[in-house]
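Reading through the structure tokens given below for one structure.
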Amino acid sequence: MQFMLLFSRQGKLRLQKWYVPQADKEKKKITRELVQTVLARKPKMCSFLEWRDLKVVYKRYASLYFCCAIEDQDNELITLEIIHRYVELLDKYFGSVCELDIIFNFEKAYFILDEFLLGGEAQETSKKNVLKAIEQADLLQESETTFASSCVKLIL
Amino acid sequence: MPAPIRLRELIRTIRTARTQAEEREMIQKECAAIRSSFREEDNTYRCRNVAKLLYMHMLGYPAHFGQLECLKLIASQKFTDKRIGYLGAMLLLDERQDVHLLMTNCIKNDLNHSTQYVQGLALCTLGCMGSSEMCRDLAGEVEKLLKTSNSYLRKKAALCAVHVIRKVPELMEMFLPATKNLLSEKNHGVLHTSVVLLTEMCERSPDMLSHFRKVWLLVPQLVRILKNLIMSGYSPEHDVSGISDPFLQVRILRLLRILGRSDDDSSEAMNDILAQVATNTETSKNVGNAILYETVLTIMDIKSESGLRVLAINILGRFLLNNDKNIRYVALTSLLKTVQTDHNAVQRHRSTIVDCLKDLDVSIKRRAMELSFALVNGNNIRGMMKELLYFLDSCDPEFKADCASGVFLAAEKYAPSKRWHIDTIMRVLTTAGSYVRDDSVPNLIQLITNSVEMHAYTVQRLYKALLDDISQQPLVQVSSWCIGEYGDLLVSGQCEEEEPIQVTEDEVLDVLEGLLLSNLSTPVTRGYSLLGEILNRIKKVVSVYGSSIDVELQQRAVEYNALFKKYDHMRPALLERMPIMEKTASNGPTEIVQTNGETEPSVPDTKHPPLVTQPANQANDLLDLLGGNDVVPVIQTTLPTKPASAGGELLDLLGDLSLSGGPAPAPVPSVPVSQPPFLLDGLSSQPLFTDIAAVIPPMTAYNKNGLKIEFTFERANPNPNIAVITIHATNTTEADMTEFVFQAAVPKTFQLQLLSPSSNIVPALNQGSITQIIRVLNPQKQQLRMRVKLTYTHKGLPVQDLAEVNNFPPQSWQ
């Protein structure tokens with residue numbers, strides 16, 4: 001996978017994960033163009049499109065578009081499954097996840113993604129294990145702050 | 001200093017902004033606060049501030065002043081800090097940033113941290129965006145972690161290694177020993193990432209690939225793992241809609257593909273498992289189809305037995321009928337890949353594929369179109385073309401050009417009859433004319449001239465089409481050319497059209513003003529030959545263009561004017577039909593052979609001898625024969641063919657010499673005529689009547705055994721360095737000289753171009769002659785000399801002769 005973008009129906013970016021180095025300007029350009037292209041698609045169209053020299057796989061969940069750019073040799077159908085798995089993870093973590101959860105807890109969305117994918121590939125195929133790891137890491141974070149002064153309960 | 005506003009608070013506040021300006025103001029205010037907080041080196045709230053900065057960065061605002069702060073967070077002891085610090089690094093500190101390398105030490109330390117989650121963070125960051133230098137520095141640490149028994153770290157290390165290898169391929173070797181034991185793990189995460197790592201290694205190094213095949217015996221191992229996955233019972237941890245760990249299955253299938261490619265033994269070893277997966281996988285959900293898709297790709301790519309291949313194609317066929325668009329799309333893509341190798345099998349699904357042309361989805365339509373063209377053959381051409389033409393009518397503009405080209409190609413290859421071919425092309429021109437490629441016009445013209453019996457029919461249809469609609473340029477071009485050529489057929493067929501013809505040509509002339517020259521000249525010239533009455537009209541129009549801005553139009557107009565005035569008597573001869581064009585390679589640059597129909601009246605046979613494309617050998621022989629070093633071989637062709645690669649000795653002379661002006665589609669006017677040379681030149685690119693004609697005296701170049709060859713000269717005006725020589729070969733003996741070939745070679749400083757001869761028979765007793773034009777480029781104005789070689793058959797015996805020609809008059813080369 002080269003990159004993954006999450007954006008709303010209004011085109012607002014909610015998450016961007018880049019697995020290949022790009023200049024900031026280029027990232028903005030790519031994002032803008034791709035978002036436009038995907039938003040222009042009609043609902044009945046298929047989830048795949050050829051864009052520049054990449055294959056793009058996208059799926060809409062409620063008000064959020066999940067969009068991945070994959071390489072030529074990658075399997076489009078399994079990428080759909082990867083997207084779905086990520087949504088399931090978010091759902092399990094946040095409990096019936098909605099766009100607002102991702103807006104207000106974007107850093108957590110990133111943490112979960114980074115436990116699921118690494119360098120663009122899946123590192124863990126078991127849902128349970130991913131969630132367990134996140135849980136443990138959260139606990140670690142919690143334990144640090146509880147030892148700190150009580151008026152700084154929530155560090156973030 | 002009050003505690004900085006909390007992250008969620010900030011997000012809430014920013015979201016209340018009603019305008020972009022309001023949002024910008026809030027952001028600026030907060031950024032200022034964050035900046036001063038950074039300046040104060042506040043450890044407690046650094047984490048919070050960076051998090052806020054990351055949020056603002058996602059909204060599109062600059063956040064570079066937070067880069068160093070991320071580094072500080074990473075270096076902190078607190079896990080919370082590290083978590084946000086590494087996240088910030090991944091978002092803000094890609095390898096293009098200067099401070100990127102400063103992370104290396106921190107990452108190194110964290111890779112050896114006591115807490116696995118910290119190690120995990122470090123591995124993740126390195127694996128996502130580590131630069132080559134970083135990878136080089138830290139590869140050793142990664143390799144160490146690859147050998148740990150902690151599967152949580154092992155799987156991350158494996159993917160990190162993949163990234164390292166991508167950045168620094170030379171480091172691949174060092175990971176080899178550690179990779180060996182990875183596949184014996186039970187943990188699916190480790191298995192999955194190991195397969196990814198092995199795949200990366202195989203793709204990058206053929207040596208590794210064969211090492212894995214032969215030494216590690218990787219294929220049986222993978223087959224076993226895959227088998228276990230399929231056969232094992234329900235495993236809740238890895239189950240997706242009834243399938244056990246589809247992600248791992250797909251990756252294994254992909255690795256098998258690479259291992260089995262062009263290797264019989266490996267392919268054999270995986271045959272069974274592939275068949276098993278192909279037949280037993282549940283297809284009701286996307287998951288199952290994803291696995292089937294990968295299986296099909298693997299089967300088609302390895303050396304599988306034919307039964308398996310048929311199975312694969314049938315799976316794709318079933319996919320085509322699936323309700324799910326995505327599946328159909330994927331099927332079409334795969335079929336496109338396999339249509340070359342398994343043509344017959346794919347043909348069975350032709351009707352389904354053609355139905356996909358009507359799909360609403362753009363991507364599916366495109367795939368279906370490409371596949372349809374690949375499937376066209378002699379048997380199904382009529383049916384397929386009907387569908388494709390219908391598609392052309394209704395498809396989006398982005399498809400039209402490709403579709404039109406495809407239709408032309410297919411029609412050319414498989415047309416069942418000339419009439420059908422012409423009809424098809426006309427249909428394309430009328431419906432999608434403006435999208436066709438430029439070279440289709442000359443191709444069509446060539447096709448039309450070749451189908452002699454269709455001339456009347458064609459010109460009528462074109463004329464009618466022109467009446468309907470003159471907006472499609474290619475159609476107009478072809479039509480006007482044909483009307484020019486075959487106008488007499490048009491008129492004689494329906495006399496009542498005399499009047500309309502006049503009108504049409506006027507209209508056509510107006511429209512054509514901006515078009516290519518070929519369109520203007522032909523109707524004018526040819527139209528003239530039809531009816532005397534229109535002469536005045538045409539003269540008027542032509543003189544208008546005599547002062548046209550376009551230089552070419554002007555030139556042609558002047559030439560034609562002169563033609564009308566001074567050479568009236570020659571007009572009928574000159575304006576005869578163009579001879580049938582030699583068919584040339586349809587893929588090359590447009591190569592129209594003949595000119596504006598100046599056939600040689602004395603040679604009724606208008607088919608030109610096949611001297612048009614000489615094989616490279618002949619020119620080489622000439623070189624050998626003429627003893628080589630100081631002579632330059634000659635290409636005896638009028639075609640701007642691609643230079644033959646025979647030792648690179650043949651020169652593409654035509655590239656240098658300026659031929660008749662105009663873009664490629666314009667006919668090349670350079671056929672020899674037995675009229676006085678200056679007239680010939682006048683109808684080529686050189687302007688007429690500039691009275692240099694009679695200056696250079698003619699000469700006899702060769703006179704032996706009854707064969708006499710005379711040279712007459714003309715200077716090519718736009719380029720004074722080019723001398724145009726017309727040779728006239730005559731025969732005083734009582735027998736014809738047949739298969740006559742004239743070849744010439746000149747010294748290196750010259751360049752020579754030999755155009756097609758008028759024929760290859762020199763009639764006996766001076767009853768006629770062969771003429772041929774030679775163009776010599778003489779930039780250094782050296783004395784012209786030439787070696788000629790003549791071959792012919794006389795009284796049944798082959799004759800060959802070589803001669804030097806040195807008696808060129810000085811004016812011919814000065």
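From a predicted model like this one, the values you see are computed outputs, not experimental measurements. In what follows, every chain begins at residue 1, and chains take the letters A, B, ... in the order their sequences are listed. Side chains included, hydrogens not; waters and symmetry mates left out as well; all remaining heavy atoms used.
Contacts with chain A were tallied for Gln116(B), Arg251(B), Arg166(B); Arg251(B) has the most, counting heavy-atom pairs under 4.5 Å. Among Arg328(B), Arg257(B), Met90(B), Lys155(B), the residue with the largest count of heavy-atom pairs under 4.5 Å with chain A is Lys155(B). Note: Ile11(B) leads Leu91(B), Leu123(B), Asp94(B), Ile11(B) in heavy-atom pairs under 4.5 Å with chain A. If you tally non-hydrogen atom pairs under 4.5 Å between each of Arg12(B), Glu9(B), Arg366(B), His163(B) and chain A, the highest count goes to Arg12(B). Comparing Leu59(B), Asp245(B), Leu92(B), Leu10(B) by how many heavy-atom pairs each has under 4.5 Å with chain A, the most go to Asp245(B).
No donor-acceptor distance shorter than 3.5 angstrom exists from the side chain of Thr115(B) to the backbone of Tyr117(B), with no hydrogens or angles considered. Looking only at distances, a side-chain donor or acceptor of Asn75(A) sits under 3.5 Å from a matching main-chain atom of Ala290(B).
At least one side-chain heavy atom of Asn129(A) sits less than 4.5 Å from a side-chain heavy atom of Glu237(B). A 4.5 Å side-chain heavy-atom check between Arg367(B) and Glu50(A) finds at least one atom pair inside the cut-off. At a threshold of 4.5 Å between non-hydrogen side-chain atoms, the residues Val35(A) and Leu39(A) count as touching.
Looking at Lys127(A), only its backbone comes within 4.5 Å of chain B, counting heavy atoms on both sides. Neither the backbone nor the side chain of Ser235(B) comes within less than 4.5 Å of any heavy atom of chain A. Of the two parts of Phe79(B), the backbone and the side chain both hold a non-hydrogen atom closer than 4.5 Å to a non-hydrogen atom of chain A. Proximity to chain B is limited to the side chain of Lys108(A), based on heavy atoms less than 4.5 angstrom apart. Contacts of Leu121(B) with chain A are absent, with no heavy-atom separation under 4.5 Å from either backbone or side chain. Heavy atoms of Asp24(A) lying under 4.5 Å from chain B belong exclusively to its side chain. In this structure, no portion of Val118(B) lies under 4.5 Å from any heavy atom of chain A. Contacts of Gln73(A) with chain B are made by both backbone and side-chain atoms, with heavy-atom separations under 4.5 Å. For Arg14(A), the parts lying near chain B are the backbone and the side chain together; criterion is any non-hydrogen pair under 4.5 Å. In this structure, the portion of Leu87(B) lying under 4.5 Å from any heavy atom of chain A is its side chain and not its backbone. Heavy-atom distances place no part of Lys42(A) under 4.5 Å from chain B, backbone and side chain included. Contact of Leu113(A) with chain B is not made at all, since no heavy-atom distance falls under 4.5 Å. Only the side chain of Lys167(B) has a heavy atom closer than 4.5 Å to any heavy atom of chain A. Using a 4.5 Å cut-off between heavy atoms, Met129(B) does not touch chain A at all. With a 4.5 angstrom heavy-atom cutoff, Phe106(A) touches chain B only via side-chain atoms.
Remark: Arg83(B) qualifies as a cation-pi partner of Phe111(A) under the 6.0 Å distance and 45° angle criteria applied to the six-membered ring.
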Could you check Val250(B) against Arg254(B) for side-chain contact (heavy atoms from CB on, under 4.5 Å), going step by step and ending with a plain yes or no? CA-CA 6 Å; Val250(B) 164; Arg254(B) 186 164 148 183; 5.5 Å; no
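Under a 4.0 Å N-O distance rule, the pair Glu71(A)/Lys55(A) does not qualify as a salt bridge. Under 4.0 Å is where a charged nitrogen must lie from a carboxylate oxygen, and between Lys365(B) and Asp359(B) no such pair does.
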